[in-house]
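First the structure, in the form of structure tokens, and then the observations on it.
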Amino acid sequence: MNKGITLVAAVCFGAAFGACVRNVVSEARAQPVGQRLEYKVLGASMGGGGYEEDLNKMAAEGWRYNGPIPLGNANSLLVFERSR
């Protein structure tokens, strides 16, 4: 019984992660020809200010928040992009 639940949970997590990555890739492909985008993915926040501090820092460096990649443990990876 535990193997079945573990398998179902792994498939659901994989499907959710794949859908998020697919959304990021489709956004990248929708850019005009000749415009090159650079992406950066940040994991869990290490600063005391949490994600707010990360978002402000990246915006100051010229990065635009593109969306999250949710993880199963209530955290998310943050995806940023900017034009080259």
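Atom set for the values below is all heavy atoms of this structure, side chains included, hydrogens, waters and symmetry mates excluded.
Side-chain contact between Ser83 and Leu37 is present, with at least one heavy-atom pair separated by less than 4.5 Å.
Under the 4.0 Å criterion applied to side-chain N and carboxylate O atoms, Glu53 and Lys57 are not assigned as salt-bridge partners.
The side chain to side chain contact (heavy atoms under 4.5 Å, CB included) check on Lys40 picks up Leu42, Met58, Trp63, with sequence neighbours excluded.
Around atom CD of Glu61, more than 12 heavy atoms belonging to other residues, nucleotides or ligands sit under 6.0 Å away.
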